[in-house]
Amino acid sequence: MSADVEKLWELQSVLSQLGEREKQMAVKPEAFAAIDDEYTAANTEMNRLGESLESLAKERRRVDGELSDQQEILKKYQGQLMQVKNQQQYAAAWKEIDSTRKHVKELEDASLKNMGEADGLQKQLDERKGGHADLKSRYDEAHAEWQASLGDLRKEAEELRARAAAIEAQLPPRLKAEFHKIFKQRNNVAVAPVANDSCNSCRTRIRPALMQQLKRGELVFCEGCHRILYLEKPAS
Ligand SMILES: [Zn+2]
């Protein structure tokens with residue numbers, strides 16, 4: 001077991017070096033950050049315009065559907081007008097025709113207004129699309145430049161990743177899982193060295209019984225921070 005803890009200790013050191021590289025690689029240089037913001041904003045705006053157009057089109061289909069229904073109803077009332085038998089029926093039919101016409105007019109207006117709005121949005125979207133190829137190529141170029149500048153860091157990170165994988169391959173799966181769980185929960189420190197009979201991470205004193213277990217090479221967790229304790233071999 002102590003050999004396994006030795007490996008965990010090494011894995012933790014490799015992972016922390018890898019974390020450093022990844023942090024450095026994630027920092028966007030100013031030149032790229034500017035174009036990245038512009039590109040992201042342009043994409044967001046194009047999506048927004050696209051969604052607005054879609055919802056306008058949906059609304060227009062609804063309005064146009066209702067409009068054709070109302071036009072049918074209007075025709076029906078106009079037909080009835082021919083068959084009225086007295087003044088009272090005539091007045092009633094006219095009243096229906098009048099109110100349906102008003103409704104038809106409202107729907108026609110709504111449809112026109114919708115078309116006007118859609119035209120405006122479509123124009124904006126077309127303009128955006130026109131400039132997008134150029135923006136995208138500037139973005140790609142800046143991104144490639146940035147990535148190229150990371151050459152050494154990327155190579156180092158790859159090597160560290162390979163080393164971590166090689167160490168992990170030698171660990172029992174349960175121990176590996178336990179390590180990663182603690183690593184994630186405890187600020188990327190899963191293994192704490194023992195110094196002066198105390199946990200070096202949280203300074204909790206280690207009881208003599210646990211020290212005995214450690215010396216026997218057993219897996220021991222700190223009673224303060226629940227990290228895996230690592231007893232360095234005395235230099236021989
Ligand atoms: Zn501790």
Side-chain angles (χ1 to χ4, degrees), residues 1-41 43-44 139-140 142-236:
M1 181 50 79
S2 67
D4 283 341
V5 176
E6 197 88 45
K7 278 177 202 146
L8 291 181
W9 177 243
E10 197 193 338
L11 177 60
Q12 177 165 293
S13 141
V14 171
L15 289 180
S16 104
Q17 292 172 55
L18 177 60
E20 274 304 311
R21 303 300 188 284
E22 281 173 342
K23 220 161 98 201
Q24 286 169 26
M25 288 193 292
V27 178
K28 291 177 195 165
E30 250 172 72
F32 175 70
I35 184 94
D36 187 33
D37 286 350
E38 193 185 337
Y39 185 64
T40 306
N43 281 323
T44 307
Y139 170 88
D140 286 345
H143 187 262
E145 229 168 78
W146 169 34
Q147 291 302 305
S149 77
L150 295 176
D152 285 350
L153 274 174
R154 279 159 73 100
K155 205 169 147 247
E156 283 167 27
E158 262 163 46
E159 284 164 9
L160 288 165
R161 252 177 237 125
R163 261 178 75 193
I167 299 168
E168 287 188 1
Q170 298 168 29
L171 292 168
R174 274 181 64 185
L175 186 61
K176 188 177 91 178
E178 185 72 28
F179 169 87
H180 281 292
K181 197 178 106 194
I182 305 173
F183 192 76
K184 218 171 171 181
Q185 286 171 348
R186 311 243 158 225
N187 209 18
N188 294 354
V189 181
V191 182
V194 175
N196 298 324
D197 290 352
S198 298
C199 165
N200 208 26
S201 274
C202 73
R203 310 283 165 201
T204 297
R205 191 145 191 88
I206 298 158
R207 287 186 292 116
L210 291 181
M211 277 306 291
Q212 285 309 313
Q213 289 180 15
L214 264 175
K215 281 175 185 155
R216 282 201 298 271
E218 289 171 25
L219 184 66
V220 179
F221 295 88
C222 170
E223 291 179 303
C225 65
H226 307 290
R227 290 185 173 96
I228 298 163
L229 289 170
Y230 170 59
L231 188 63
E232 272 173 287
K233 284 202 189 104
S236 51

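What you are looking at is a predicted structure, and each value in this text was computed from that prediction instead of being measured. We count residues from 1, following the sequence as given. Counting starts at 1 for both ligands and their atoms, in listed order.
Side-chain contact of Gln17 with Ser13: a donor-acceptor pair under 3.5 Å is present, judged by distance alone.
Counting only distances under 2.8 Å, and ignoring water, the protein N, O or S atoms around the Zn ion (ligand 1) are Cys199 SG, Cys202 SG, Cys222 SG, Cys225 SG.
Applying the side chain to side chain donor-acceptor pair (under 3.5 Å) rule to Gln170 yields no partners; only residues at least two apart in sequence or on another chain are considered. Every residue two or more places apart in sequence or in another chain was checked for a side chain to side chain donor-acceptor pair (under 3.5 Å) with Tyr39, and none qualifies.
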Only distances under 3.5 Å count here; give the side-chain donor-acceptor pairs of residues 179-192 to other protein atoms, sequence neighbours excluded, each with its distance to 0.1 Å.
from, atom 1, to, atom 2, distance (Å)
His180, NE2, Glu168, OE2, 2.7
Arg186, NE, Cys225, O, 3.0

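For the pair Arg161 and Glu22, the salt-bridge criterion is met [side-chain N within less than 4.0 Å of a carboxylate O].
Between Trp146 and His143, the angle of the ring planes goes over 60°, which puts this pair in the perpendicular group of the 30/60° scheme.
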